[in-house]
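These notes concern the structure reproduced below.
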Amino acid sequence: MASIKVFGHATTTSTRRVLLTLHEKNLDYELVNVELKDGEHKKEPFLSRNPFGQVPAFEDGDLKLFGMKPITQYIAHRYEGQGTNLLPADSKNIAHYATMSIGMEVEAHQFDPAASKLAWEELFKHIYGLTTDQAVVAEEEAKLAKVLDVYEARLKEFKYLAGETFTLTDLHHIPVIQYLLGTPTKKLFTERPRVNEWVAEITKRPASQKILQ
C-alpha cells in the first residue's frame, strides 16, 4: 500500500495539481475519493484532515497536510532528486525561487479565477444540464486575455513562465487549461503564438496525459 495518500476528487483542478506533481515525481500514491456532491468534504472524517472543508488533503507517512500549494511544494522539495525537478534549476538561488513563487501567485490570483469561471460556464454547466451565461463568459474572457498578454510577453523571453525549465509555476496551470482546450475559450491560447507553444509543451507531458486518462 502506498504511503502517500491524496484525499480529494479527481475532477477538481486543485486535486489534479497534486496528482500531476506526484506523476512528475514517479511516486506511487492512493487517491481516496471525497465525494463533493454528497458534501463529504464538509463532514468528518474529512474535516479532521482539513478543518476548512476544502480538497485536497494529503498524507505522506505520518505527515499530514492540506492546501494544494503547500502540498505540491512539499512534494517538489521532499522528492527533489526523484523524477522531474519542479523547482528552479538552482533551487538554492533565492532570486530564482522567488521568481517561481511570483508565477504561482499570478496563477492563483490572476489566471485561475477567470479560467476556472470559464471552465464552469463552458464545460461543467453543460455536464449538469445548466445554461451557459454568455455575459459571464465575455467578462471572464476579457480578464483572461489580459493575463495571457502578459504571459505572451514573458514567453518571448523564456521557454517557461519561471525561466528556462519546467517548474511548479507551469504545472499549476495545466488542469484548467486542459478543460478550456475543449471549449471556445481555446482561441485565447491559440491566437497568441508563444502561449500556444507553451500550452502544447506542458499539456503533452506524460504526466499531463496520465491525468487526462
Side-chain angles (χ1 to χ4, degrees), residues 1-79 86 101 104-133 136-137 139-140 143-144 168-169 171-183 185 207-213:
M1 181 178 294
S3 65
I4 295 176
K5 294 183 180 181
V6 181
F7 301 83
H9 196 284
T11 63
T12 67
T13 55
S14 56
T15 301
R16 284 182 171 227
R17 291 181 186 106
V18 172
L19 301 184
L20 270 170
T21 307
L22 292 167
H23 281 297
E24 288 285 357
K25 288 296 182 182
N26 300 319
L27 293 168
D28 293 330
Y29 65 88
E30 178 186 354
L31 175 61
V32 181
N33 185 62
V34 178
E35 196 52 69
L36 304 182
K37 65 181 176 59
D38 295 335
E40 289 183 358
H41 56 310
K42 299 297 185 183
K43 16 176 157 166
E44 294 293 354
F46 185 79
L47 287 177
S48 64
R49 305 184 187 283
N50 182 353
F52 301 103
Q54 296 175 314
V55 296
F58 176 87
E59 287 184 6
D60 187 2
D62 293 332
L63 178 70
K64 295 177 173 58
L65 299 172
F66 62 83
M68 180 275 298
K69 284 200 290 184
I71 294 169
T72 61
Q73 289 182 80
Y74 163 78
I75 296 168
H77 283 280
R78 170 67 177 81
Y79 299 97
L86 299 173
S101 297
M104 289 191 290
E105 287 299 299
V106 171
E107 186 278 331
H109 299 292
Q110 305 297 328
F111 177 88
D112 189 66
S116 290
K117 287 178 184 176
L118 287 164
W120 167 251
E121 288 292 337
E122 296 189 296
L123 180 64
F124 289 102
K125 274 193 171 182
H126 290 292
I127 294 173
Y128 293 115
L130 303 172
T131 302
T132 296
D133 187 330
V136 172
V137 170
E139 179 181 355
E140 299 305 324
K143 294 177 184 176
L144 184 59
L168 287 175
T169 294
L171 182 147
H172 283 185
H173 287 78
I174 293 172
V176 72
I177 287 177
Q178 288 179 322
Y179 283 143
L180 291 179
L181 290 179
T183 74
T185 295
S208 302
Q209 295 301 307
K210 286 179 181 178
I211 292 300
L212 283 178
Q213 294 167 8

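Shortest non-hydrogen contact noted between A10 and L31 is CB-CD2, 4.0 Å. Closest heavy-atom contact between P70 and L65: O-CD1, 4.4 Å. Closest heavy-atom contact between P56 and V18: CG-CG2, 3.8 Å. Across every non-hydrogen atom of K143 and A114, the tightest pair is CB-CB, 4.1 Å. Nearest heavy-atom pair across A57 and F46 is CB-CE1, 3.8 Å.
Among residues two or more places apart in sequence or in another chain, the salt bridge (charged side-chain N to carboxylate O under 4.0 Å, His left out) test is passed with K125 by E121. When the side chain to side chain donor-acceptor pair (under 3.5 Å) test is applied to T132, the partners found at least two apart in sequence or on another chain are H126. Listed by chain and residue number, nothing satisfies the salt bridge (charged side-chain N to carboxylate O under 4.0 Å, His left out) test with E40 (two or more places apart in sequence, or in another chain). T185 pairs by the side chain to side chain donor-acceptor pair (under 3.5 Å) definition with E122, E141, not counting sequence neighbours. Listed by chain and residue number, D112 satisfy the side chain to side chain donor-acceptor pair (under 3.5 Å) test with S116 (two or more places apart in sequence, or in another chain).
Atoms CD and NE2, on Q209 and H23 in that order, are 11.5 Å from each other to the nearest 0.5 Å. One distance of note links CD of E30 with CG of L22; it measures 12.5 Å at 0.5 Å rounding. Between T13 atom OG1 and M68 atom CE the span is 7.5 Å, to the nearest 0.5 Å. Annotation: the span from L180 atom CG to T183 atom OG1 amounts to 5.0 Å, rounded to 0.5 Å. In this structure, L86 CG and L168 CG are separated by 5.0 Å, a value rounded to the nearest 0.5 Å. If you take CZ on R16 and CG on L171, they are separated by 12.5 Å, rounding to the nearest 0.5 Å.
When ring centroids are compared, F66 and F7 stay outside the 6.0 Å threshold.
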Check against side-chain contact (heavy atoms from CB on, under 4.5 Å), E107 and T169: CA-CA 7 Å; E107 186 278 331; T169 294; 5.8 Å; no

Candidate pair L130 and W120, rule side-chain contact (heavy atoms from CB on, under 4.5 Å), full reasoning: CA-CA 10 Å; L130 303 172; W120 167 251; 4.0 Å; yes

Verdict with reasoning, I4 to E59, per side-chain contact (heavy atoms from CB on, under 4.5 Å): CA-CA 5 Å; I4 295 176; E59 287 184 6; over 6 Å; no

Trace of the side-chain contact (heavy atoms from CB on, under 4.5 Å) decision for Y29 with L27: CA-CA 6 Å; Y29 65 88; L27 293 168; 5.8 Å; no

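Side-chain contact between I211 and P175 is absent, with no heavy atoms from C-beta onward closer than 4.5 Å. Within the 4.5 Å cutoff, the side chain of L118 has heavy atoms near those of the V137 side chain.
Remark: side-chain polar atoms of S14 are paired, donor with acceptor, to backbone N or O of V55 under 3.5 angstrom. A donor-acceptor pair under 3.5 Å is formed between the side chain of T15 and the backbone N or O of H9. Not one N or O on the side chain of R49 forms a donor-acceptor pair closer than 3.5 Å with the backbone of K64. Using a distance-only test at 3.5 Å, with no hydrogens or angles considered, a donor-acceptor pair links the side chain of T21 to the main chain of R17. Side-chain atoms of E44 come within 3.5 Å of backbone N or O of S48 as a donor-acceptor pair.
The pair K210-E24 does not count as a salt bridge, with every side-chain nitrogen at least 4.0 angstrom from each carboxylate oxygen.
In this pair, Y179 and F124 present their aromatic rings perpendicular. The plane angle is above 60°, beyond the 30 to 60° band.
Applying the side chain to side chain donor-acceptor pair (under 3.5 Å) test to residues at least two apart or on different chains, the pairs with a partner in residues 68-79 are D60-Y74, D60-Y79, K69-E105, T72-H172, Q73-Y97, H77-Y97.
The number of heavy-atom neighbours closer than 6.0 Å to CG of D28, taken from other residues, nucleotides and ligands shown, is 12 or below.
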